[in-house]
Amino acid sequence: MNTTENAFHYATGRAIEAAGAVSKPKYHRYQYDLISKHCGRSVLEVGAGLGEFAGLFEGRDRVVVTDVDKGAVAFLEEKFADRPSFEVERLDLDHIDEADIAAVESVLAINVLEHFDDDVALLRGLARLVRPGGNIVLWVPAFPALYGEFDRKVGHFRRYTPRTLRDVALLAGLRPASIRAVNLIGGLAWWAAVRRGGNGSPDGRLVGIYDRFFVPVSRVLDRVAPVPFGQSVLAVLQVLPDGPRTS
């Protein structure tokens, strides 16, 4: 992935995503409840955009919110100015080695990994931002069968299965602590509306209905039993005490 001054709107497809965006409070809380329990006292989110997810973090010692785009960083600085535990930094994921950010217990990447051709290299770079024994927590789009025009428009190189994401983690020298599909209802809805239905992007009206009525069902299903299929894969990857293994 090549980052540019307009990366916030173009390189990650955010302009397309924002065009049909609607409020998804239940979905964001659902994501948070799945993800936050795997995050330590200090958390760094990469590709945070407007900080909708990072803003949910409460009671942490340190929350570092990052993005590559200067406009996004300026917005985040204003958004979190009154929250002393929050830091805002510009971070170019193509040049992580140049980052001057103290390591954290957990790095979080929501819908980021799929934008990079060399996902193994990116995970190795993210591991440098994590204290030994800490976690990289990933939320990525799932299952190649769901790959369609929307994915191409927003610059997705791929969708993952739990198995393929595990393989990438092992190649990056990380220990897969937990990798599973989540959001079964969302996966079925995505197939029907976007992939099978031929829509180039999600319908904002339908997204609103999904958030209101179907996210609670997904929440119950994910809690009751592991699901074999879903819209996303959630992974918790441990950075080994001696750092990422390269062989």
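- Using cut-offs of 30° and 60° for the angle between ring planes, the Y27 and Y30 rings count as tilted.
- Listed by chain and number, the residues in a side chain to side chain donor-acceptor pair (under 3.5 Å) with D82 amount to none (sequence neighbours excluded).
- Hydrophobic clustering (ILVMFWY, side-chain heavy atoms < 4.5 Å, transitive): L34 and F229 are in one cluster.
- Summarising the geometry, atom CD1 belonging to I110 is positioned 8.0 Å from atom NE2 belonging to H28; distances are rounded to the nearest 0.5 Å.
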So E114 and R158, salt bridge (charged side-chain N to carboxylate O under 4.0 Å, His left out) or not? Walk me through it.
-> CA-CA 6 Å; E114 66 277 7; R158 67 195 71 79; over 6 Å; no

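- Evaluated for a side chain to side chain contact (heavy atoms under 4.5 Å, CB included) with V137, the options H38, K37, E45 yield exactly one hit, H38.
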Kindly indicate, with the supporting measurements, whether the criterion side chain to side chain contact (heavy atoms under 4.5 Å, CB included) is fulfilled by R128 and D97.
-> CA-CA 8 Å; R128 299 187 185 101; D97 288 342; 3.1 Å; yes

Could you please spell out the steps behind the side chain to side chain contact (heavy atoms under 4.5 Å, CB included) verdict for L108 and W139?
-> CA-CA 8 Å; L108 171 62; W139 182 284; 5.8 Å; no

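- By the 4.5 Å heavy-atom criterion applied to side chains, V73 and V88 are counted as neighbours.
- The CG atom of L93 sits 6.5 Å away from atom OG1 of T66, with the distance rounded to the nearest 0.5 Å.
- For the atom pair CZ (R159) and CZ (F157), the distance works out to 15.5 Å, reported to the nearest 0.5 Å.
- In this structure, the ring of F150 has its center less than 6.0 angstrom from the ring center of W190.
- In this structure, CD1 on I96 lies 5.5 Å from CG on L122, to the nearest 0.5 angstrom.
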Determine, step by step, whether V217 and L221 satisfy the side chain to side chain contact (heavy atoms under 4.5 Å, CB included) criterion, reporting the C-alpha distance in whole Å, the side-chain angles of both residues, the deciding distance to 0.1 Å, and the verdict.
-> CA-CA 6 Å; V217 179; L221 290 174; 4.2 Å; yes

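- Between F80 and F86, the ring planes are parallel. Angles under 30° get that label, and only those over 60° would be called perpendicular.
- A salt bridge is defined here as a Lys NZ or Arg NE, NH1 or NH2 lying under 4.0 Å from an Asp or Glu carboxylate O, and E77 with K70 fails to meet this definition.
- Judged by distance alone, the side chains of D61 and S42 never bring a donor and an acceptor atom under 3.5 Å apart.
- Between R124 and D118 the shortest side-chain heavy-atom distance does not fall below 4.5 Å.
- Between the side chain of Q238 and the backbone N or O of A177 there is no donor-acceptor pair closer than 3.5 Å.
- Distance check: S106 OG to I35 CD1 gives 11.5 Å after rounding to the nearest 0.5 Å.
- The shortest side-chain heavy-atom distance between C39 and R60 falls under the 4.5 Å cut-off.
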Using atom types as modelled, flag every donor-acceptor pair under 3.5 Å from a side chain in residues 162-172 to any protein atom, sequence neighbours excluded.
{"from": "T164", "atom 1": "OG1", "to": "T161", "atom 2": "N", "distance (Å)": "2.9"}
{"from": "T164", "atom 1": "OG1", "to": "T161", "atom 2": "O", "distance (Å)": "3.1"}
{"from": "T164", "atom 1": "OG1", "to": "T161", "atom 2": "OG1", "distance (Å)": "3.3"}

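- Between L129 and L91 there is a side-chain heavy-atom pair separated by less than 4.5 Å.
- Residues V239 and L174 are in side-chain contact: their nearest non-hydrogen atoms beyond the backbone lie under 4.5 Å apart.
- Side-chain contact between D222 and R180 is present, with heavy atoms from C-beta onward closer than 4.5 Å.
- For CZ of R212, the number of neighbouring non-hydrogen atoms (other residues, nucleotides, ligands) closer than 6.0 Å is 12 at most.
- Contact of the Q231 side chain with the F143 side chain is not registered, since no non-hydrogen atoms from C-beta on lie closer than 4.5 Å.
- The backbone N or O of D211 lies less than 3.5 Å from no partner atom in the side chain of K26, so there is not a single donor-acceptor pair.
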Dump the intermediate steps for side chain to side chain contact (heavy atoms under 4.5 Å, CB included) on L123 and L138, then the final yes or no.
-> CA-CA 10 Å; L123 286 180; L138 302 174; 3.9 Å; yes

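- Residues L237 and I179 are in side-chain contact: their nearest non-hydrogen atoms beyond the backbone lie under 4.5 Å apart.
- In the hydrophobic clustering of ILVMFWY residues, with side-chain heavy atoms under 4.5 Å counting as a link, V236 and L113 come out apart.
- Residues that satisfy the side chain to side chain donor-acceptor pair (under 3.5 Å) test with Q31, not counting sequence neighbours, are absent from this structure.
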